[in-house]
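Hydrogens, waters and symmetry mates play no part in the numbers below; they use all other heavy atoms, side chains included. Within every chain, numbering begins at 1; the chains are lettered A, B, ... in the order of the sequence lines, protein sequences first and strands thereafter.
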Amino acid sequence: MSYDFNTIEAKWQTYWADKGTFKAENYSNKPKYYVLDMFPYPSGAGLHVGHPLGYIASDIYARYKRHKGFNVLHPQGYDSFGLPAEQYAIQTGQHPAITTKENIARYREQLDRIGFSFDWSREVKTSDPTFYKWTQWIFTELFNSWYDKDADKARAISELEKLFSEEGNTKVKAVCDEEVTLFTAEAWNGFSSKEKQEIVLKYRLTYLAETEVNWCPQLGTVLANDEIVNGVSERGGYPVIRKKMTQWSMRISAYAQRLLDGLHTIDWPQPLKDSQTNWIGRSEGASVTFRVKDHNEVIEVFTTRPDTIFGVSFMTLAPEHELVAKITTPEQKAAVDEYIEATAKRSERDRMADVKTISGVFTGAYAEHPFTKEPVPIWIGDYVLAGYGTGAVMAVPCGDQRDYDFAKHFGIEIPNIFEGVDISQEAFADKEKTVIANSDFLNGLNYKKAVKTAIYELEKLGQGEGKINYRLRDAVFSRQRYWGEPFPVYYVDGMPQMIDLKHLPIELPEVEKYLPTETGEPPLGRADVWAWDTEKNEVVPNSLINYTTIFPLELNTMPGWAGSSYYFNRYMDPNNEDEIFSQEAINYWKEVDLYIGGSEHATGHLLYARFWQKFLFDKGIVPVDEFAKKLINQGMILGTSAIVYRISGTNKYVSKGLKDQYDAEELRVDVSLVNFSDELDLNGLKNWQPQFKDAEFELENGKYIVGREVEKMSKRWYNVVNPDGVCDQYGADSLRLYEMFLGPLEQAKPWNTAGITGVHGFLKKLWKLYHNGEEFVVGETAPTKDNLKTLHKTIKKVEEDIESFSFNTSVSTFMIAVNELTAQKCNSKVILEPLLVLISPYAPHIAEELWNKLGHTTSISTTAFPVFDESYLVESTKQYPISFNGKMRFTMELSLDLSKDDIEAAVMAHEKTQQQLAGRTPKKIIVVPGKIVNIVG
RNA sequence: GCUCAAGUGGCGGAAUUGGUAGACGCGCUGGAUUCAAAAUCCAGUUCUUUCGAGAGUGUGGGUUCGAUUCCCACCUUGAGUACCA
């Protein structure tokens, strides 16, 4: 019987599903292990061969851990809210839920064919009301919490209100909005309910605020900072402008320091940690207050170099800074207004593209230096960003290149406050070599001491303090979209009210169209049944709104990252209707042990998920404050596009080798039209698209050879390879082996279908080893020394490979093992059984089939991983006493079957040996023919 | 500019407490089988060579008996990030 992979694979996939082989129990005597993939967004295009790469790796690890005696949780689900389904709905009118359902069915079919060991009984979908009930609940929990800086954790709002009523807000150290005014307990108790709500809102971990947001007119929605790339939207590449809107925000900035600290406790890739560190952007320094002369105003600046305070020769405000209008003198007003208008016109993108141009204008006003009391001119300039720090800087031209360039350009004085440094050409920014001069009490001090002293003196004056600044901004949480989680929020007198857990989920209402309304409201503004009855506690028609018992509901929906910020915990107890998950379940599984997914989520999903986990930890809902111990970024699988060359203005195509003789343009054609040797199927091309119907070709050696380009797999390049096709032709086991064999997991690598014959050949050889024609044959004789050596070599290597996630080299190891056993004519059951266990994580179907043929009635996945025995590898080593030059004696360890004479001759013949051994008495020399390999001692 | 990662045959890539560089696969060459092709099997395949050997892991140095591996400088490529005060 030949290796009929299609039948075998279908058979075992059905078996696993029927028997529930991979169903995980929440209680076990075995140690637990949680292997997770980043769940997919089910797009209409289906899976291409790049998608399963990470899933195959995690599946291998999950299956390996089962062999190692772990109770393994390996679930899968869908991140099923999102833009593509909504945009399809806008175009076709089809409900996104239908599109999503179809796409999920297609994904499931494709995933099932690859033979993953997912526990599908735990499947979650973020767009499923039974799931987003808990997304809504977490939102209300965040709303009902504030961040206490003293306790360094989130606490209940009720406790904050109690503090306010007892002592006002003067002593409370909380993370809150900047413009909070101080009040006493008496004042608090005298406030109206609405005033109280307005104040508390400034403290909540999710809050409503008038914020300047990134508005994308084409998409009709706001975008988070990480959804913008180079000033245009990540999706679609549309321009983004700044606009003020009332939006929900998440106070992630409260967790900035803990998000930073937590990175040291988790085993994640360094580049990913670096980009999170960068995104959080902690910088240590001081805030300094400058009085504005002739005005009752102060300018607060943040600086990382308080030691250079005596080098300040001007100040710069961002053009958007609120003080600009107040302090500009009448003489300068025209110039300032003109400059502000010019800046506003320039898009974010232009501003970034053109960093070199120095621009700015003097306001006419002066500030007072805190120590010297000298006047400091106040300028505005667009090199100062309104969104960072306080939007104002104290300019020290001798110590900062941008300040230096600005001062040079406008002829502002550049005082030198560094000892022994020439600043005639450029600023001096080397902290290590800094010695301060011309600076009163800071003279002669180095950087560290000067910083300390300056802050101390500023504090004495009451004009500054040490401060840590973070780049991390609060995350906008509202989207003007239909296909997302609705907020469990209604409004009474303009103030948001949360709907209690017992009435959740608040399900998405039906709408006629999925576009924003004519008045610019989000799509939910089109819903007719979208009001909240506070007596019946249910959603009722808008027509009933009376503002006494029935109120309007929130029209925004949540962003894509809401559901993905905690789904990994929900898998632990996914069908629980009463709780997000039981405490028993979360305390058993605790956290993800291994998380595999793409690096593109570094500053989005992976940061928000850590934030929510820390919040849930503060609330005592989860037992650990980092959700994933280890994370691996799998690399992308790239496509290999095929290119034909058309002579410009004609319908003639020339083969790759001839293209330089013509003025030819490049066209991409479907990769399935090209064989392994880059030869194009001419008739296939003619039938592929009408434009090629009458194509003429100029061939080389009778063939049309295409050009190749490695680039991202995408429909528009016609380079997508579908896993179903690979499974049809070679089988899922070949696909799995080949995806691993392609190269290291973390690296980006091009797909090349030609190479798959290699791993497919291996499976055929493995099959042949057990079969004599149609008959299944297994040897009952005892294994030889060589057989055992091959086996244990393989056990050792495969175990090391899996533990270090070097799945690519394991495939080679299997090939070597099967080649050796074939050469040894070994089909001994004693060898083959453990070998199958080794192979089963990679190629589970064939392993299961042969395991079954060996007479086992249980799944191979329940079998223990074979134990490595070193004695089979070192047995052939012998030790010989050797004399050298008639003086020294040492021992030789021979790992090859060579005679003593051979070795001695080899050592003597080797010229370098005498130098190497001069004056040394080695204990042991490892030798191979002609060379000394290792001298020990 | 800054940060990080990586440079090994025609190609993907092996090789870690520093010890036979190029495993394994693709491709290519030759052979067997076949009327022929596909499939399969066997042998060869870093470069140079006067067939003795010599050179060789981006470049130049260093440490070592010995370096793809460790150290220094440089070059190249990729990724991320950027007027962050």
Q.
Roughly how many Å apart are B:A82 and B:C71, using the C1' atom of each and rounding to a whole number?
A. 31 Å

(Q) Which is it for B:G31, anti or syn, if anything within 90° of zero counts as syn? (A) anti

Q: Look at the rings of A:Phe406 and A:Phe410 and say which category their plane angle falls in: under 30° parallel, 30 to 60° tilted, over 60° perpendicular.
A: tilted

Q) Among B:C26, B:G25, B:A85, which nucleotide sits nearest the side chain of A:Thr757? A) B:C26

**Q.** A:Lys789 and A:Glu820: CA distance, side-chain angles, deciding distance, salt bridge (Lys or Arg N to Asp or Glu O under 4.0 Å) verdict
**A.** CA-CA 10 Å; A:Lys789 191 175 169 185; A:Glu820 284 181 7; over 6 Å; no

(Q) In whole Å, I'd like the distance from the CG atom of A:Asn633 to the P atom of B:G78. (A) 20 Å

Q.
I'd like the P distance from B:G58 over to B:G44, given in whole Å.
A. 28 Å

Q. For A:Glu800, which residues count as a salt bridge (charged side-chain N to carboxylate O under 4.0 Å, His left out) partner, sequence neighbours excluded?
A. A:Lys796

What does the list of N/O pairs under 3.5 Å between the protein and nucleotides 11-13 of chain B look like, with a distance for each?
from  : atom 1 : to       : atom 2 : distance (Å)
B:G12 : O2'    : A:Leu742 : O      : 2.7
B:G13 : OP1    : A:Gln747 : OE1    : 3.0

Q.
For the P atoms, the ones on B:G9 and on B:U63, what distance do you get once it is rounded to whole angstrom?
A. 27 Å

Q) Mapping A:Val759 and A:Pro271 onto RNA chain B by nearest heavy atom, which one lands closer to the 5' end? A) A:Pro271

Q) Does A:Ile816 or A:Thr303 map to a spot on RNA chain B nearer the 5' end, using the closest nucleotide for each? A) A:Ile816

(Q) Can you tell me how the ring of A:His771 sits relative to the ring of A:Trp767, calling it parallel under 30°, perpendicular over 60° and tilted otherwise? (A) parallel

Q) Which is true for A:Asp274 with a 4.0 Å heavy-atom rule: it touches a base, it touches only sugar-phosphate, or it touches nothing? A) sugar-phosphate

Q. Taking the side chain of A:Val393 as heavy atoms from C-beta outward, which of B:A85, B:C83, B:G25 is closest to it?
A. B:A85

Q. Can you check whether A:Tyr383 has a side-chain N or O nearer than 4.0 Å to OP1 or OP2 of B:A85?
A. no

**Q.** Pairs meeting criterion salt bridge (Lys or Arg N to Asp or Glu O under 4.0 Å) with involvement of residues 276-287 of chain A, two or more places apart
**A.** A:Arg282-A:Glu284

**Q.** Inter-residue atom distance A:Thr363.OG1 - A:Ile378.CD1, 0.5 Å rounding
**A.** 5.0 Å

Q: For B:G10 versus B:G1, give the span between their P atoms, rounded off to a whole number of Å.
A: 32 Å

Q. Looking only at atom C1', what distance separates B:C4 and B:A53, rounded to whole Å?
A. 44 Å

Q: Using the P atom as the reference point in each nucleotide, state the distance between B:A67 and B:A55 in Å, no decimals.
A: 13 Å

Q: Could you check whether A:Lys273 gets within reach of a base, just the sugar-phosphate, or nothing at all, counting any heavy atom under 4.0 Å?
A: nothing

Q: Indicate the ring-plane relationship of A:His369 and A:Phe310, choosing parallel, tilted or perpendicular according to the 30° and 60° boundaries.
A: tilted

Q.
Measuring only the C1' atom in each nucleotide, how far is B:C72 from B:G22? A whole number of Å is fine.
A. 28 Å

Q: Give the stems involving RNA chain B, where a stem is 3 or more consecutive Watson-Crick or G-U wobble pairs (i with j, i+1 with j-1, and so on) under 3.5 Å.
A: B:1-7 with B:75-81, B:10-12 with B:24-26, B:27-32 with B:40-45, B:46-48 with B:53-55, B:58-62 with B:70-74

Q | Whole-Å gap separating C1' (B:C83) and CZ (A:Arg471) | A | 13 Å

Q.
I need the CG-P distance between A:Asp801 and B:U16, as an integer number of Å.
A. 11 Å

Q. Do the non-hydrogen side-chain atoms of A:Ser734 and A:Leu763 ever get within less than 4.5 Å of each other?
A. yes

Q: Answer yes or no: does a side-chain N or O of A:Arg402 lie under 4.0 Å from OP1 or OP2 of B:C84?
A: yes

Q. Excluding sequence neighbours, so at least two apart, what forms side-chain hydrogen bond (donor to acceptor under 3.5 Å, both in side chains) with A:Lys765?
A. A:Asn819

Q: Could you pull out all residues at least two apart from A:Phe5 that satisfy ring pair (Phe, Tyr, Trp, His ring centres under 6.0 Å)?
A: A:Tyr3, A:His760

Q | Separation between the P atoms of B:C47 and B:C2, rounded to whole Å | A | 40 Å

**Q.** Base orientation of B:G80, syn vs anti, 90° cut from 0
**A.** anti

